[in-house]
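For reference, the structure discussed in these notes is given below.
If you're wondering where the values come from, they're calculated on a predicted model, not measured in any experiment. The residues of the chain are indexed from 1 along the displayed sequence.
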Amino acid sequence: MAHLISSSRPTRRQTLKGIGAAAGGAALAIGAPDILRAQESTLVVVSGGGSYEHAIRKAVIDPFQRETGIKVTYVSPADGAKLKAQVDSNNVQWDVVELSDPPFRPDVSKYVEEVDYGAFDKETLDNLVPEAKTKYAVGSLVFSTVMGFSTAEYPANKPRPRSWAEFWDAGKFPGPRSLRSCAGPGQATSTVEFALLAAGVPKDKLFPIDFDKAFASLDLIKPHITKFWTVGAEPGQLLSDRQVAMSSTWSGRMQLLKDQGAGVDHQWNEAELFPVYWFVPKGAKNRAAAMRFVAYQASAQAQARLNNLIFYGPLNRAAFKYIEPKIAAQLPTAPENIDKQFFVDLAYWGAQSPSGKTNTEVLVERWSNWAAR
């Protein structure tokens, strides 16, 4: 049901000085602070653990508590099945949750509250990218699935693949490849989208997915695939060890390896942008405070602080005013990167197909049959 924030995603080693000062002392005038300060219950915020928890506590949770007086209890990991069980049993323990899938399920109205956009200031609303503002959820960050490659196989003085059509062109760009399995954990849909791009479908015409065309394209690349990866660390290892020449991979993983001196790099063209969202479960005990938190995390300052610490991208365009240009250039939603990519259509993948299954379930079933051939 849910795509989790990866707890193993790397944390930045360098933290920009002055971000906290730029945002500190400027508490957002959102909601009804006097009423919320007086409430006795604690806001329960749920997302990923590990390095992500460390980053979000420092960048968002702690400043939110200081500026609003609202006490927060942080819980991890977020889990879609647990959320559903809480709502179904009328025993909702969570107030605000960070996941991708629940806000785009066909039965979303049963499990998620509509966003109260009256809790947001105009500057935040004006600067959020359109994909971040949905009926039931507000975007927190985005990560990209990009094309990574070995710099040993493709050094700077030789042509490098710049599109999925070139990734598919084993004659022009020889070498073994890797792509993500569509039957792996999480919402692993990028490979069929890349297959359509390789077949000449424009990135703004990918949805609805033409499954027949996508799998015909996959038939062409299958002989050149060494492994269909399922775990985020795999592509970097395969590339670093020169087991493959190129692979789909997460941009943050590539940047970390590159910073560590590994012979890998990536490019942004035709990458898939995958947003993650905050939402309020249906029947949450602290709905007003939860909406205030959702609005707070969407502000430019909060998103800048968070994305200064991790290899994700902010969905508030104004956040880049508070991020050093050298760091910003490494993030998926930097102005020079975002337009080269496309947003995954989570509403499409969560929608019910004529078969009664979601489009994601249709993909997984078809992929499993195809991969076994």
Would you check, one step at a time, whether the test side-chain contact (heavy atoms from CB on, under 4.5 Å) holds for Tyr322 with Arg305? CA-CA 8 Å; Tyr322 307 102; Arg305 290 194 300 268; over 6 Å; no

Before you tell me yes or no, could you show the steps for Thr151 and Val264 under side-chain contact (heavy atoms from CB on, under 4.5 Å), namely the whole-Å CA-CA distance, both residues' side-chain angles and the distance that decides it to 0.1 Å? CA-CA 5 Å; Thr151 56; Val264 301; 5.7 Å; no

Decide, yes or no, whether a salt bridge links [X] with [Y] under the criterion of side-chain N to carboxylate O below 4.0 Å.
X: Lys84; Y: Asp79; answer: no
X: Glu270; Y: Lys340; answer: no
X: Lys282; Y: Asp88; answer: no
X: Asp95; Y: Lys285; answer: no

Is it true that the side chains of Trp229 and Ser248 contain a donor and an acceptor less than 3.5 Å apart?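 Yes, a side-chain donor-acceptor pair sits under 3.5 Å.
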
Looking only at side-chain N and O atoms, does Ser355 offer a donor or acceptor that is under 3.5 Å from a partner on Ser353?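 Yes - a donor-acceptor pair under 3.5 Å links their side chains.
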
Would you give the length of the straight line joining atom [atom1] of [X] to atom [atom2] of [Y], rounded to the nearest 0.5 angstrom?
X: Leu315; Y: Asn127; atom1: CG; atom2: CG; answer: 12.0 Å
X: Tyr117; Y: Thr124; atom1: OH; atom2: OG1; answer: 11.5 Å
X: Gln255; Y: Thr249; atom1: CD; atom2: OG1; answer: 11.5 Å
X: Asn316; Y: Thr333; atom1: CG; atom2: OG1; answer: 9.5 Å
X: Tyr52; Y: Arg57; atom1: OH; atom2: CZ; answer: 12.5 Å
X: Lys58; Y: Leu309; atom1: NZ; atom2: CG; answer: 6.0 Å

Donor-acceptor pair, distance only, cut-off 3.5 Å: does the side chain of [X] make one with the backbone of [Y]?
X: Glu234; Y: Val231; result: yes
X: Thr191; Y: Arg180; result: yes
X: Asn308; Y: Ile323; result: no
X: Asp345; Y: Pro208; result: no
X: Lys203; Y: Glu272; result: no
X: Gln341; Y: Pro332; result: yes
X: Ser140; Y: Glu98; result: no
X: Asn369; Y: Glu365; result: yes
X: Gln297; Y: Val294; result: yes
X: Gln352; Y: Gly356; result: yes

Least distance between heavy atoms, [X] atom then [Y] atom:
X: Ser163; Y: Gln267; result: N-NE2, 4.3 Å
X: Ala319; Y: Ala304; result: O-CB, 3.5 Å
X: His266; Y: Val146; result: CB-CG2, 3.7 Å
X: Val96; Y: Ala290; result: CB-CB, 4.2 Å
X: Pro103; Y: Phe279; result: CG-CD2, 3.6 Å
X: Tyr74; Y: Gly48; result: OH-O, 2.7 Å

Between [X] and [Y], is the ring centre distance below 6.0 Å?
X: Tyr277; Y: Phe104; result: yes
X: Tyr296; Y: Phe293; result: no
X: Trp367; Y: Phe228; result: yes

What pairs of residues pass the ring pair (Phe, Tyr, Trp, His ring centres under 6.0 Å) test when at least one of them lies in residues 177-206, not counting sequence neighbours?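 Every ring pair (Phe, Tyr, Trp, His ring centres under 6.0 Å) pair that includes a residue of residues 177-206, provided the two are not neighbours, is Trp164-Phe194.
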
Kindly indicate whether the side chain of [X], heavy atoms from C-beta on, has any atom under 4.5 Å from the side chain of [Y].
X: Val46; Y: Lys82; answer: no
X: Pro275; Y: Leu346; answer: yes
X: Tyr312; Y: Val142; answer: no
X: Asp121; Y: Leu125; answer: no
X: Val45; Y: Val75; answer: no
X: Pro102; Y: Tyr111; answer: no
X: Asp265; Y: Lys258; answer: yes
X: Lys213; Y: Val201; answer: yes

Mutual orientation of the aromatic rings belonging to Phe143 and Phe274 [parallel < 30°, tilted 30-60°, perpendicular > 60°]: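 Judged by the thresholds at 30° and 60°, the geometry between Phe143 and Phe274 is parallel.
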
In sequence, state the C-alpha distance, the side-chain angles, and the governing distance for Ile209 and Asn359, and then conclude on side-chain contact (heavy atoms from CB on, under 4.5 Å). CA-CA 9 Å; Ile209 294 291; Asn359 287 317; over 6 Å; no

Let me see the working for Ser178 and Thr226 under side-chain contact (heavy atoms from CB on, under 4.5 Å), right down to the final yes or no. CA-CA 6 Å; Ser178 181; Thr226 297; 5.8 Å; no

Evaluate the criterion side-chain hydrogen bond (donor to acceptor under 3.5 Å, both in side chains) for residue pair Asp219 and Trp370; output intermediate values, then yes/no. CA-CA 9 Å; Asp219 284 339; Trp370 174 83; 2.7 Å; yes

Can [Y] be reached from [X] by stepping across I, L, V, M, F, W or Y side chains whose heavy atoms are under 4.5 Å apart?
X: Ile338; Y: Phe311; value: no
X: Leu256; Y: Met254; value: no
X: Val244; Y: Leu218; value: no
X: Trp268; Y: Phe320; value: no
X: Leu206; Y: Phe211; value: yes

Trp168 vs Ser217, test: side-chain hydrogen bond (donor to acceptor under 3.5 Å, both in side chains). Steps then yes/no. CA-CA 9 Å; Trp168 254 244; Ser217 178; 3.1 Å; yes

Report the C-alpha separation of Asp116 and Arg292 in whole Å, then their side-chain angles, then the decisive distance to 0.1 Å, and conclude whether the salt bridge (charged side-chain N to carboxylate O under 4.0 Å, His left out) test is met. CA-CA 9 Å; Asp116 177 11; Arg292 192 174 183 201; over 6 Å; no

Near Gln93 CD, under 6.0 Å, is it more than 12 heavy atoms from other residues, nucleotides or ligands?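 Yes.
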
Within 45° cone of Phe167 ring axis and under 6.0 Å: Arg177 NZ or CZ: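 Judged by the rule (NZ or CZ under 6.0 Å from the ring centre, within 45° of its axis), Arg177 counts as positioned above Phe167.
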
